[in-house]
Number of protein chains: 2
Amino acid sequence: MRIGELATRTGVSVRSLRYYEEQGLLASVRSSSGQRHYTDQEVERVTFIQRLYAAGLSSRTIAALLPCVDAPSKENSDAALERMALERERLSQHITDLLQTRDSLDAMIAGARRHRERV
Amino acid sequence: MRIGELATRTGVSVRSLRYYEEQGLLASVRSSSGQRHYTDQEVERVTFIQRLYAAGLSSRTIAALLPCVDAPSKENSDAALERMALERERLSQHITDLLQTRDSLDAMIAGARRHRERV
DNA sequence: CTAAAACCTCACATGGATGTCAGAGGCAAG
DNA sequence: CTTGCCTCTGACATCCATGTGAGGTTTTAG
């Protein structure tokens with residue numbers, strides 16, 4: 001498929017897909033005229049990239065991890081393993097924070113509700 | 001206390017504190033010479049603001065919610081309640097996504113570990 | 001064959017929170 | 001009083017993912 005279809009399938013803008021390629025996160029096969037072509041596999045990969053972005057990882061970090069997903073090997077696994085564990089920890093901490101924040105929000109909401117009914 | 005102390009106590013830069021004030025998130029009492037002064041209360045408030053930032057809320061949104069924390073009233077509670085519920089929902093969704101991402105990361109890590117031991 | 005739609009590259013713009021610098025004034029300790 | 005640190009405002013810089021537009025080629029549909 002071409003880039004437009006990948007974009008609509010993943011919900012990611014064409015611009016972003018090109019950016020991912022520029023950052024080394026996403027590969028494409030070029031037709032003789034220079035147009036990018038992708039396989040169905042890439043749909044999954046793009047959503048995975050999006051997920052990592054949502055987890056707060058930067059392009060650089062994602063670029064460092066992806067090779068390990070693609071082809072786990074001695075060279076990359078050692079360094080990447082550590083990095084993944086690190087990011088996993090950061091993510092866990094972040095989730096904990098967010099849960100706490102949600103509790104705070106809930107308390108705020110409950111407070112507002114109480115106030116409203118009292119009046 | 002003055003701004004420097006608030007900064008070190010909260011771990012937030014002086015620059016950011018001034019920015020919060022500019023955005024209407026944080027108030028200060030000015031001395032005759034124009035220096036900002038804060039009470040201990042503000043320490044808590046700053047960390048709360050940080051928490052909301054970490055939850056992905058923007059300054060605008062935070063500014064819209066905070067009045068409701070400060071002084072719940074008929075005027076603000078009605079609109080803010082809805083907004084809070086909305087943000088609460090967004091946050092919940094985000095947490096769900098992150099949990100999924102963490103699972104993916106765990107799978108990646110497990111894969112790398114397996115590979116390493118196999119070799 | 002032609003027109004519309006999709007694609008290409010390059011480059012500049014945007015937004016949001018923060019960093020940083022300059023120039024000036026404030027305040028406490030020696 | 002002076003020295004050194006803190007603070008003030010204002011402005012410009014930065015990072016990063018994305019948007020946007022120009023100018024040009026390719027593909028597709030009629």
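In what follows, every heavy atom counts, from backbone to side chain, and hydrogens, waters and symmetry copies are set aside.
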TODO: Output all residues satisfying salt bridge (Lys or Arg N to Asp or Glu O under 4.0 Å) with Arg102(A), sequence neighbours left out; order by chain, then residue number.
DONE: none
Open item on the list: Could you tell me how far apart Leu17(B) (CG) and dT7(D) (P) are, to the nearest whole angstrom?
Closed with: 10 Å
Task: Test item: Thr101(A) side-chain N/O and Asp97(A) main-chain N/O as donor-acceptor pair under 3.5 Å - done: yes
Can you check nucleotides 28-30 of chain D for protein contacts, nitrogen or oxygen pairs under 3.5 Å, and list what you find?
none

- [ ] Please state how far atom CE in Met1(A) lies from atom P in dA6(C), giving the value in whole angstrom units.
- [x] 16 Å
Open item on the list: Without decimals, in angstroms, what is the distance between Ile3(A) CD1 and dT18(D) C1'?
Closed with: 14 Å
Open item on the list: Once salt bridge (Lys or Arg N to Asp or Glu O under 4.0 Å) is applied, do any residues pair with Arg36(B), and if so which ones, sequence neighbours excluded?
Closed with: Glu21(B)
Task: For Arg51(B), all residues meeting salt bridge (Lys or Arg N to Asp or Glu O under 4.0 Å), sequence neighbours excluded - done: none
Open item on the list: Near DNA chain D, counting only heavy atoms under 4.0 Å, which residues of residues 19-26 of chain A show up?
Closed with: Tyr19(A), Tyr20(A)
Task: side-chain contact (heavy atoms from CB on, under 4.5 Å) against Arg9(B), all qualifying residues, sequence neighbours excluded - done: Met1(B), Glu5(B), Asp40(B), Val43(B)
TODO: Using a cut-off of strictly less than 4.0 Å between a heavy atom of the residue and any atom of DNA chain D, enumerate the qualifying residues of residues 29-40 of chain A by number.
DONE: Ser33(A), Gln35(A)
Open item on the list: Checking Thr47(B) now: which residues fulfil side chain to side chain donor-acceptor pair (under 3.5 Å) with it, not counting sequence neighbours?
Closed with: none
Open item on the list: Within residues 52-65 of chain B, which residues have any heavy atom lying less than 4.0 Å from an atom of DNA chain D?
Closed with: none
TODO: Can you sort out the partners of Asp106(A) under salt bridge (Lys or Arg N to Asp or Glu O under 4.0 Å), two or more places apart, ordered by chain and number?
DONE: Arg88(B)
Protein-nucleic acid N or O pairs under 3.5 Å, nucleotides 11-14 of chain C:
none

Could you go over nucleotides 1-4 of chain D and give all protein N or O partners under 3.5 Å, atom names and distances?
none

